[in-house]
Amino acid sequence: MFRILVSDSMSEEGLAPLRKSEQIEIVQKKVTEVEHRLHEFDALLVRSATKVTEELLEKMPNLKIVGRAGVGVDNIDVDAATRHGVVVINAPNGNTISTAEHTFAMMAALVRRIPQAHISVKSREWNRNAFVGNELYGKHLGIIGFGRIGSEVAKRARAFGMKVHVYDPFLTKERAEKLGVTVCTLDEVLALSDIITVHTPLTKETKGLLGEKNLAKTKKGVYLLNCARGGIIDEKALLQFLENGHVAGAALDVFEKEPLGDHPLLSFDNVIVTPHLGASTVEAQLNVAAQVAEEVLQFLEGKPVTSSINLPTLSKEVYAKIQSFYTLAKKMGILASQFMNIPVQEITVTYAGTVADLETTYITRSLLAGFLQPRVASTVNEVNAAMIAKERGITFGEKFSDDTYGYANCISLTVYGENKVFTMKGTHIPTYGDRIVQFDGFSIDFAPEGHLLYIQHHDKPGMIGKVGNVLGAHDVNIATMQVGRQKAGGKAIMMLSLDKPLDEDMLQTFINIGDIETAKKLEV
Ligand SMILES: NC(=O)C1=CN([C@@H]2O[C@H](COP(=O)(O)OP(=O)(O)OC[C@H]3O[C@@H](n4cnc5c(N)ncnc54)[C@H](O)[C@@H]3O)[C@@H](O)[C@H]2O)C=CC1
Ligand SMILES: O=C(O)C(=O)COP(=O)(O)O
């Protein structure tokens, strides 16, 4: 049974596919209401209200995935989730249109003073002179952050006859030209705009972006909007610029602290507010809930998710192509880690042949996870493998080569330890499966599976029989056996696959035979 905690309100229709699965139990409760059973949940679905902190993650040791039914993940400690091996996904475009429309509704309401007029009429007044507004037509609109929502706001602004200036350090000229907007520096946007709207995420760079210094660069009488994240416009600075009359009005959907409670901004007649409603439409909520539901189902089936925050993104098609290499790489990592059971400093993975054209980042992470798992007490997976490697001082890198070692595809692994460098090559043959075709410098051909016994010995007659006798005497059946040697009479290896695991104590018995240098038990 896969248990999902849905801790913020979410569209029932969007969650329906999850409800249909007999393997899934959904609990719709706030985190505080299920404190005693947090350890049971495999997945957590949230919007912006639930704070997914390190402390919460520690109380949820079974958690595998956090789904954010929306865009912003600033309520989720993504680094902590990564450390815990928890995948974080979001629904990046399901609420774009709703938020762009909300921004536009706020913009119109702000310059025409609709909320204030509405309150006045509801108070049985009829004061037409008090609510003279401004047109949007012909005005200069500054958009800071030109991603999904920013660009939808721009399209609507152009339809209203506004001149649009955008600032986004990651925006290409081509994309801006396509949408008929002018690319500016931040200072130009500040100086040119009659109305400024922010649509960036909240980051170290954007926190307080519209603070005292930058607000001083805006036109007197500027209107400001924030339907992105509280804190991008510094609330203290905004108060100051409202008090001195520099800012003509502000429309805010988001706040530094939510819920807002009693805040000095509320005493300004020219500040209009909504309680974080950008994504609150039936359509957006259906979109985002359906998007995370679909992703969680994918995840449950062991398929990669497509909108992960802390994993490389993979489409279903790409995943289908990399799946077998992903498994092969994990097995290679597990084998290498056991074989090189000493501290290692560096791991290099080289891809050749058909695999080299695929999304290798994922394959490398899988290999790393396999390598690190036997060395780490906590779960290691593709999500946290890179971070754990870094913590343990293991650097890793990818290379590409034309040398396929005679196979259609070849993954070569080199592990650098203190006094030893270990190499291994693996290939995946569609009708045959995963094969290790080179191991510690020896050409060989074995399946990296089950209970393996590795023996390095001198190449001389009778060795196979002697090893077989020891195993037979201990009632261990040999399933398959492969041998490899560097040259006749030189160093040679055997890789045996056994029907049951070996006792660690038995390894010395092989050494006692003589002419055997190493005997290692490997489990995949
Ligand atoms: N009020 C609400 O209910 C909702 C709010 N949001 C928020 O709206 C914001 C925008 O969302 P999307 O457009 O979907 O995100 P997006 O990721 O598509 O766009 C963000 C843009 O900001 C730009 N950016 C990043 N750092 C910047 C900087 N220092 N200066 C200028 N631009 C910068 C990025 O290059 C990107 O183009 C996010 O903060 C999101 O959380 C999203 C949905 C609903
Ligand atoms: O998607 C976002 O970033 C939002 O801010 C929407 O938040 P919500 O899901 O309405 O709590």
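Values in this document were obtained by computation on a predicted structure and should not be read as measured data. Whatever order the structure lists ligands and atoms in, that order sets their numbers, starting from 1.
- In this structure, the protein non-hydrogen atom closest to atom 7 (C) of ligand 1 is A228 O, 3.6 Å.
- Salt-bridge annotation for R113 and D269: present, with a side-chain N of the basic residue lying under 4.0 Å from a carboxylate O of the acidic one.
- Protein heavy atom at the shortest distance from atom 42 (C) of ligand 1 is I149 CD1, 3.4 Å.
- Screening residues 244-253 for side chain to side chain donor-acceptor pair (under 3.5 Å) gives T218-H246, D253-T274 as the qualifying pairs, with residues at least two apart or on separate chains.
- Between the choices G94, G72, S151, P201, the shortest heavy-atom distance to atom 22 (O) of ligand 1 belongs to P201.
- The protein non-hydrogen atom at the shortest distance from atom 26 (N) of ligand 1 is F170 CE1, 3.8 Å.
- Using a 4.0 Å cut-off between a side-chain N of Lys or Arg and a carboxylate O of Asp or Glu, E235 and K257 do not qualify as a salt bridge.
- A ring pair (Phe, Tyr, Trp, His ring centres under 6.0 Å) check over residues 83-119, counting only residues at least two apart or in different chains, returns the pairs F104-F160.
- At a threshold of 4.0 Å, the pair E152-R148 does not count as salt-bridged, since none of the basic side-chain nitrogens sits closer than that to a carboxylate oxygen.
- Among protein heavy atoms, the minimum distance from atom 28 (C) of ligand 1 is reached at T206 CG2, 3.7 Å.
- Scanning the protein heavy atoms around atom 10 (C) of ligand 1, the nearest turns out to be H199 O, 3.3 Å.
- Against a heavy-atom cut-off of under 4.0 Å, H276 is close to the following atoms of ligand 1: 1 (N), 2 (C), 3 (O).
- In this structure, atom 19 (O) of ligand 1 lies nearest to the protein heavy atom G147 CA, 3.2 Å.
- The protein heavy atom nearest to atom 17 (O) of ligand 1 is R148 NH2, 3.5 Å.
- The N/O atoms of V71, backbone and side chain alike, include none that comes under 3.5 Å of an N/O atom in ligand 1.
- For the pair N90 (side chain) and V71 (backbone), a donor-acceptor distance under 3.5 Å is present.
- Between the side chains of S98 and E283, no donor-acceptor pair is found at a separation under 3.5 Å.
- Ion pairing of K330 with E382 is present here, as a side-chain N (NZ or NE/NH1/NH2) and a carboxylate O approach within less than 4.0 Å.
- Taking the charged nitrogens against the carboxylate oxygens, K29 and E40 have no contact shorter than 4.0 Å, which rules out a salt bridge.
- At least one heavy atom of C227 sits less than 4.0 Å from an atom of ligand 1.
- Surrounding CD of E13 are at most 12 heavy atoms belonging to other residues, nucleotides or ligands under 6.0 Å away.
- Those atoms of ligand 1 with a heavy atom of D253 less than 4.0 angstrom away are 1 (N), 2 (C), 3 (O).
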Under 3.5 Å, N/O to N/O: give me all the pairs between ligand 2 and the protein, one per line with atom names and distance.
{"unit_1": "ligand 2", "atom_1": "1 (O)", "unit_2": "R68", "atom_2": "NH2", "d": "3.3"}
{"unit_1": "ligand 2", "atom_1": "1 (O)", "unit_2": "V71", "atom_2": "N", "d": "2.6"}
{"unit_1": "ligand 2", "atom_1": "1 (O)", "unit_2": "N95", "atom_2": "ND2", "d": "2.9"}
{"unit_1": "ligand 2", "atom_1": "3 (O)", "unit_2": "R68", "atom_2": "NH2", "d": "3.3"}
{"unit_1": "ligand 2", "atom_1": "3 (O)", "unit_2": "G72", "atom_2": "N", "d": "2.7"}
{"unit_1": "ligand 2", "atom_1": "3 (O)", "unit_2": "R229", "atom_2": "NH2", "d": "2.8"}
{"unit_1": "ligand 2", "atom_1": "5 (O)", "unit_2": "R229", "atom_2": "NH1", "d": "2.8"}
{"unit_1": "ligand 2", "atom_1": "5 (O)", "unit_2": "R229", "atom_2": "NH2", "d": "3.0"}
{"unit_1": "ligand 2", "atom_1": "5 (O)", "unit_2": "H276", "atom_2": "NE2", "d": "2.7"}
{"unit_1": "ligand 2", "atom_1": "7 (O)", "unit_2": "R68", "atom_2": "NH2", "d": "3.2"}
{"unit_1": "ligand 2", "atom_1": "7 (O)", "unit_2": "H276", "atom_2": "NE2", "d": "3.3"}
{"unit_1": "ligand 2", "atom_1": "9 (O)", "unit_2": "R47", "atom_2": "NE", "d": "2.8"}
{"unit_1": "ligand 2", "atom_1": "9 (O)", "unit_2": "R68", "atom_2": "NH1", "d": "2.8"}
{"unit_1": "ligand 2", "atom_1": "10 (O)", "unit_2": "R47", "atom_2": "NH2", "d": "2.8"}
{"unit_1": "ligand 2", "atom_1": "11 (O)", "unit_2": "S48", "atom_2": "N", "d": "3.1"}
{"unit_1": "ligand 2", "atom_1": "11 (O)", "unit_2": "S48", "atom_2": "OG", "d": "2.4"}

Next on the checklist: What verdict does the side chain to side chain contact (heavy atoms under 4.5 Å, CB included) test give for V164 and L179, after you've listed the backbone C-alpha separation in whole Å, the side-chain angles of each residue and the deciding distance to 0.1 Å?
Outcome noted: CA-CA 10 Å; V164 182; L179 289 162; over 6 Å; no
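- Set against the non-hydrogen atoms of Y167, the atoms of ligand 1 under 4.0 Å away are 30 (N), 31 (C).
- Taking only non-hydrogen atoms, the option from N95, N93, T103, T99 nearest to atom 4 (C) of ligand 1 is T99.
- Every heavy atom of T203 sits 4.0 Å or more from the atoms of ligand 1.
- Across L202, V198, D168, heavy-atom proximity to atom 37 (O) of ligand 1 is greatest for D168.
- If you check which protein heavy atom lies closest to atom 9 (C) of ligand 1, you get T200 O, 3.6 Å.
- Among residues two or more places apart in sequence or in another chain, the ring pair (Phe, Tyr, Trp, His ring centres under 6.0 Å) test is passed with H165 by H140.
- N310 and T82 form a side-chain donor-acceptor contact under 3.5 Å, judged by distance and modelled atom types alone.
- Side-chain atoms of T203 and T206 include a donor-acceptor pair closer than 3.5 Å.
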